[in-house]
J.: 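One structure, as structure tokens, below. Some questions next.
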Amino acid sequence: MAAKTMNIDLVEEMVTNYKSKQYLSIVTNTINPMSFDAQSVWFDLQALKDFIATIEDEAAKHPEYNLKNFGARFYYTSYPKNDSWDEPSYEDIADVNKQYEKLHTLVAIPTAEMDGVNSDFDPFDVNTYTGKKPTGTATVIMAKNHGSLTPPETNTGLWF
């Protein structure tokens, strides 16, 4: 696969657009005031490779579903208030920096092409291999979060 590139000026323009529009709307919002928000999320490359390998490995166990064109959908999310992180349904973020409270982050959900549509699915749950969203109390799905947010983490090394 050939490496993809983007013009650095275009990248800088896109980052500036975000900071001058969406980010500014967030930090000047009067309904849900915030003094700052995360502007980037860093993910460990090996963790991403493992996430991808798990999608492929688990789906390969069920060739009868003929899933193809795997991907990951990155949802824009924000962390909940940290006063609830000790509760049972929050154990997946219990070790996250408490300063991440209310900050933007990304959550990756596996996708596969189903009937010509890139659909969310859980490689561990064949009931989702048709695109059906699982339901029920304490339902868990395969997802990737736990990146490092800037801010509050250091912005050393960032270009934009």
Side-chain angles (χ1 to χ4, degrees), residues 1 4 14-15 17-19 21-153:
M1 170 191 314
K4 300 292 183 184
M14 292 169 70
V15 171
N17 283 343
Y18 172 78
K19 288 179 180 179
K21 293 178 179 64
Q22 285 89 346
Y23 181 80
L24 186 61
S25 293
I26 292 165
V27 297
T28 60
N29 186 307
T30 57
I31 296 170
N32 184 28
M34 295 182 58
S35 59
F36 73 95
D37 195 6
Q39 296 179 40
S40 70
V41 182
W42 175 86
F43 287 99
D44 176 77
L45 190 56
Q46 189 58 54
L48 292 174
K49 287 179 181 181
D50 293 346
F51 180 75
I52 293 165
T54 301
I55 295 168
E56 294 172 332
D57 292 348
E58 291 298 317
K61 294 176 183 177
H62 303 283
E64 67 274 18
Y65 289 93
N66 196 30
L67 298 182
K68 57 187 175 185
N69 298 329
F70 297 106
R73 187 178 325 278
F74 287 86
Y75 283 94
Y76 301 114
T77 66
S78 65
Y79 286 101
K81 292 185 72 165
N82 67 30
D83 59 0
S84 60
W85 292 12
D86 293 333
E87 295 176 18
S89 60
Y90 291 83
E91 57 267 350
D92 294 323
I93 59 171
D95 62 345
V96 171
N97 182 338
K98 297 284 190 200
Q99 290 180 303
Y100 287 12
E101 173 184 60
K102 296 172 57 178
L103 299 184
H104 268 98
T105 189
L106 298 172
V107 173
I109 302 295
T111 66
E113 185 179 319
M114 300 173 198
D115 299 321
V117 175
N118 291 322
S119 298
D120 295 352
F121 85 112
D122 179 359
F124 295 120
D125 182 355
V126 294
N127 294 316
T128 68
Y129 280 41
T130 59
K132 182 180 179 196
K133 180 181 176 181
T135 60
T137 305
T139 297
V140 296
I141 59 170
M142 183 181 179
K144 175 66 185 146
N145 179 236
H146 302 330
S148 183
L149 301 182
T150 302
E153 307 297 338

J.: What closest approach, in Å, do Thr128 and Asp122 show between heavy atoms, and which atom pair accounts for it?
T.: OG1-N, 2.8 Å
J.: List the atom of Met142, the atom of Ile55, and the distance in Å for their closest heavy-atom pair.
T.: CE-CG1, 3.8 Å
J.: Is the closest side-chain heavy-atom distance between Pro80 and Trp85 below 4.5 Å?
T.: yes
J.: Nearest heavy-atom pair of Phe36 and Pro152: which atoms, and what distance?
T.: CE1-N, 4.2 Å
J.: According to side chain to side chain donor-acceptor pair (under 3.5 Å), who are the partners of Lys133, at least two apart in sequence or on a separate chain?
T.: none
J.: Inspect the surroundings of CG in Asn69 and state if more than 12 heavy atoms from other residues, nucleotides or ligands are less than 6.0 Å away.
T.: yes
J.: CG of Asp37 to NZ of Lys19: how many Å apart, nearest 0.5 Å?
T.: 12.5 Å
J.: Do you know the tightest heavy-atom contact between Ser84 and Tyr90?
T.: O-CD1, 3.3 Å
J.: In chain order, what residues pass the ring-ring contact (aromatic ring centres under 6.0 Å, His included) check against His146, with sequence neighbours excluded?
T.: none
J.: How far does OG1 of Thr150 sit from CH2 of Trp42, to the nearest 0.5 angstrom?
T.: 10.5 Å
J.: Can you tell me how the ring of Tyr129 sits relative to the ring of Phe121, calling it parallel under 30°, perpendicular over 60° and tilted otherwise?
T.: perpendicular
J.: Knowing that exactly one of Asn97, Val96, Thr105 qualifies, which makes a side chain to side chain contact (heavy atoms under 4.5 Å, CB included) with Leu149?
T.: Thr105
J.: Please tell me whether Tyr100 and Glu153 have a donor and an acceptor in their side chains that are separated by less than 3.5 angstrom.
T.: yes
J.: Out of curiosity, Asp125 CG to His62 NE2, how far, rounded to the nearest 0.5 Å?
T.: 9.5 Å
J.: Using modelled atom types only, decide if a donor and an acceptor are shared between the side chain of Asn82 and the backbone of Lys98 within a distance under 3.5 Å.
T.: yes
J.: Measure the spacing between CG of Asp57 and CD1 of Ile52 and express it to the nearest 0.5 Å.
T.: 11.5 Å
J.: What closest approach, in Å, do Ile109 and Ile141 show between heavy atoms, and which atom pair accounts for it?
T.: CD1-CD1, 3.8 Å
J.: Could you tell me the separation between the OH atom of Tyr75 and the CG atom of Leu106, rounded to the nearest 0.5 Å?
T.: 12.5 Å
J.: If you apply the rule side-chain hydrogen bond (donor to acceptor under 3.5 Å, both in side chains), what do you find for Tyr79 with Asn145, and how did you get there?
T.: CA-CA 10 Å; Tyr79 286 101; Asn145 179 236; 2.8 Å; yes
J.: Write down the atom of Lys102, the atom of Ser78, and the distance for their closest heavy-atom approach.
T.: O-CB, 3.9 Å
J.: What is the distance from atom CE of Met34 to atom NE2 of His104, rounded to the nearest 0.5 Å?
T.: 8.0 Å
